[in-house]
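Data first, discussion second: the structure below is written as structure tokens.
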Amino acid sequence: MKRTHNATELDVNSIGQEVILNGWVDTRRDHGGLIFVDLRDRSGLVQVVFSPEVDQNSFHLAEGIRSEYVVAVKGEVRARPAATENPNLKTGKIEVYAVSMEILNKAKTPPFYIEDNIDVDESLRLKYRYLDLRRPEMRDNLILRHKVIKSMRDYLDGQNFVEIETPILTKSSPEGARDYLVPSRVHPGEFFALPQSPQIFKQLLMVSGLEKYFQIARCFRDEDLRADRQPEFTQLDIEMSFIDEDDILQLIEGMMVKVFKDALARDIKNPFPKLTYDEAMLKYGSDRPDLRFDLEITELTDLVKDVEFKVFSSAIAAGGVVRGLNAKTCGSFSRKEIDELVKIATDNGAKGLAWIIVAEDELKSPIIKFFTPEHTKAIIEALEAQPGDLLLFSADNENVVAKVLGILRLEIAKRLSLINEEELNFCWLIDFPLLEFDPDESRFVAVHHPFTSPKEEDIELLKTNPAKCKARAYDLILNGVEIGGGSIRIHQKDLQEKMFKTLNLGSKEIKDKFGYMLDAFEYGAPPHGGVAFGIDRLVMIMTNRPSIRDVIAFPKTQNANCLMTAAPSEVSPKQLRELQLRTRDK
RNA sequence: GGAGCCGUGGUGUAGCGGUUAACAUGCCGGCCUGUCACGCCGGAGAUCGAGGGUUCAAAUCCCUUCGGCUUCGCCA
């Protein structure tokens, strides 16, 4: 009995037709003389009625079926009797009267309910992921993901891009995340690395003259996991030649408009606003600011540089800054709530958190006694404080202050429910620094990656003041999540070599690790640039999920295990021998 | 590597030194011809994540360990 229809294809227009459905028993309601079964397939549910008056055989079979049995049902579509329609069901106006049924397979009772909004330990869902994915919301997440990717492919194909695959077995590179390594059997003692991104390959495709490349690329990074980080994840990887920043930004905005239209039927406005890195760090304390709410951070350094309060003055004397955040209406916070904010601050690297409650006719604060009335007045004015507000202050080096107040800004927004979950707020972050100093390695490291071009006018700074050098890089931020980023690349050998040297890579290492790229740049490398999107994160936002695990079919746990397959696992001595590998005793 | 939360019938919870380990749901059986969270009656199902300790007595207190989640570090 092969299906003639999907469950939800049936509606009042199908009344009178004989149809065959294939699917799973969702629920069965046995009334003794009449049995109702909700039949589920990928499309949804339809009610099947088993009546002995219609068919004795299938009625008796239906007495024995259970949840998740796989069945084929032939039956007649009828209108439901008056007052028995179910408005909650897409097919609620009709039902199928079974004239015959075949049980295609039995099923054990599943370990959790096959329905939306279940509350079970995630480890159970991951162990039985194939059952978890039967749940409509998970199925819909995967279908939405498919639509997003298809929309991207269609868009880029329409813009004359060529989809090209690059190697999964590739070369380990020194910069960036920890590599996943694959031992080479043919070359004992040598290893491939799985790509952290197809970065160099896509640039070389530009040297090859492909001009417009994209790929739905799996990337691998052996770092610790988070709700939005898996060791393998999927990027939409794009690279183009003979373009500048604006070409890419426009291309991507057009793509986002199409993707949201195709996948969610939502219209988004463009152009997206642009924010410089410096401005974002100052006002929002983050390089991925959530702009769905205001709560801007205020610079107070000049204003408070000669106050008596040691915490402020010594931070400033040490080259740091003092900034404030007006948590509007939070003056009613209890001491406990304020202490929680202080803990968040210290957990994120602050030494403490100063605060002032602005009451109707007084200021409550442990620090106010250190301020002159003039200072107090100036602070109140700078933060536009009103009675009922809570003012938070952080004093430290610039990075710590920005981070701490940025996190508190998000925390306050959460507590005050300032975030409209329906909103889609895109912005571009531009003018990133090219490099930052890594005190652990006591050298500069690339903020984006070492192939990012410095701004033309800043190239000289590479020698004199690398920290001040800006990059031709841009990130796309959606609701406070970095969903994509890219840059105009270096395409000249000399500049690329200079960049590597600024990163303190030795000549030999440069030659060993990147020699092939530098060689390529000597054979007519066009100016080029590109961008990459985190598809998992984008789909996570589109589906309103708290974790990318919910939009990946078979994700890993926080321990980087697959609970379903029990990977990773030991391998046989034979396999190790062939690879000339020996594991150390535990 | 650090911090926090969680772990009790299949599932979700309650119990927090002495209980016959409770409740809901699911499961099994019976009844039921208009349900859709079907209803009613009955039943089975737990060595309380694992190991050790304290105690006359441990699901409950302590230690260790395992697993899941969140997070800091890490993630060009």
Side-chain angles (χ1 to χ4, degrees), chain A residues 26-39 45-54 59 63-64 66-68 78 80-89 91-92 95 97 108-115 117-128 131 173-179 195-197 199-200 219-231 233 343-344 346-349 403 407 432 434-436 438 440-441 443-452 471 473 482 485 487 499-500 503 505 513-514 532 534 546-547 549 556-559 561 563 566:
Chain A
D26 194 76
T27 50
R28 167 177 162 278
R29 294 175 292 279
D30 186 342
H31 287 241
L34 198 63
I35 297 170
F36 300 98
V37 166
D38 290 336
L39 189 85
L45 296 179
V46 67
Q47 174 162 281
V48 179
V49 185
F50 293 89
S51 165
E53 288 160 18
V54 176
F59 177 79
E63 288 179 312
R66 293 293 181 266
S67 288
E68 302 307 316
R78 295 192 196 169
R80 291 200 187 192
T84 67
E85 293 181 357
N86 184 348
N88 301 321
L89 227 52
T91 55
E95 56 198 358
Y97 267 76
K108 287 166 73 172
T109 303
F112 49 83
Y113 305 112
I114 309 297
E115 62 188 32
N117 301 314
I118 56 170
D119 179 25
V120 296
D121 197 286
E122 191 163 349
S123 57
L124 202 63
R125 291 174 52 203
L126 291 170
K127 181 172 177 192
Y128 298 96
L131 296 179
S173 64
E175 298 288 291
R178 196 177 292 115
D179 283 322
Q196 298 178 26
S197 90
Q199 183 60 36
I200 297 176
C219 305
F220 306 85
R221 295 176 191 177
D222 187 3
E223 299 292 349
D224 285 348
L225 290 81
R226 290 286 187 281
D228 62 354
R229 266 164 40 190
Q230 285 271 310
F233 60 100
K343 179 155 194 319
I344 290 170
T346 53
D347 283 351
N348 284 284
K403 180 180 174 189
I407 287 169
F432 277 85
L434 183 72
L435 302 157
E436 67 184 342
D438 180 342
D440 291 339
E441 297 194 44
R443 66 176 183 106
F444 281 95
V445 295
V447 168
H448 190 57
H449 58 51
F451 317 109
T452 298
E482 181 203 325
S487 62
M499 180 70 180
F500 286 143
L503 296 173
L505 297 183
K513 302 294 183 179
F514 301 112
S547 163
R549 291 188 302 277
K556 308 274 187 292
T557 68
Q558 186 153 67
N559 261 333
N561 288 114
L563 293 182

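Please read these numbers as outputs of a predicted model, since none were measured by experiment. Labels below follow one simple rule: chain letters A, B, ... track the order of the sequence lines, proteins then strands, and each chain is numbered from 1.
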Heavy atoms from C-beta onward define the side chain here; which of [options] lies closest to that of [X]?
{"X": "Arg226(A)", "options": "rG73(B), rG68(B), rU70(B)", "answer": "rG73(B)"}
{"X": "Tyr113(A)", "options": "rC74(B), rG68(B), rG26(B)", "answer": "rG26(B)"}
{"X": "Gln558(A)", "options": "rG67(B), rU70(B), rG12(B)", "answer": "rU70(B)"}

- Message: Is it the case that the side chains of Asp121(A) and Ser123(A) hold a donor-acceptor pair, with the cut-off being a distance below 3.5 Å and no angle test?
- Response: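 Distance-only check passes for Ser123(A) and Asp121(A).
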Could you let me know what [N] is paired to, Watson-Crick or G-U wobble, both distances under 3.5 Å, or none if it's on its own?
{"N": "rC27(B)", "answer": "rG43(B)"}
{"N": "rC5(B)", "answer": "rG68(B)"}
{"N": "rC75(B)", "answer": "none"}

- Message: Heavy atoms only, 4.0 Å cut-off, all strands: where does Leu563(A) land among base, sugar-phosphate and nothing?
- Response: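 If one applies the 4.0 Å heavy-atom cut-off, Leu563(A) turns out to touch the sugar-phosphate alone, with no base involved.
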- Task: Identify whether any heavy atom of Asp121(A) sits under 4.0 Å from a base atom; if not, whether one sits that close to sugar-phosphate; answer base, sugar-phosphate or nothing.
- Result: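 Asp121(A): backbone/sugar contact only, no base atoms under 4.0 Å.
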- Query: Asp438(A) side chain to Asp440(A) main-chain N or O, any donor-acceptor pair under 3.5 Å?
  - Reply: yes
- Along nucleotides 27-37 of chain B, 5' to 3', which nucleotides get a B, which get an S, and which get a -, given that the test is a protein heavy-atom distance under 4.0 Å? SSS--BBBBB-
- Nearest-Å distance once atom P is located in both rG10(B) and rC6(B): 22 Å
- Query: Can you check whether Thr557(A) has a side-chain N or O nearer than 4.0 Å to OP1 or OP2 of rG68(B)?
  - Reply: yes
- Item | His31(A) and Phe36(A) aromatic ring geometry - parallel, tilted or perpendicular at 30°/60° bounds |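 The rings of Phe36(A) and His31(A) stand perpendicular, inter-plane angle above 60°.
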- Answer yes or no: is there an ion pair linking Arg29(A) with Asp38(A), defined by an N-O contact shorter than 4.0 Å? yes
- Message: Using side-chain heavy atoms (C-beta onward) and a distance below 4.5 Å, is Phe444(A) in contact with Leu434(A)?
- Response: no
- Using whole Å, report how far CG of Asp347(A) lies from P of rA3(B).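 That distance rounds to 12 Å.
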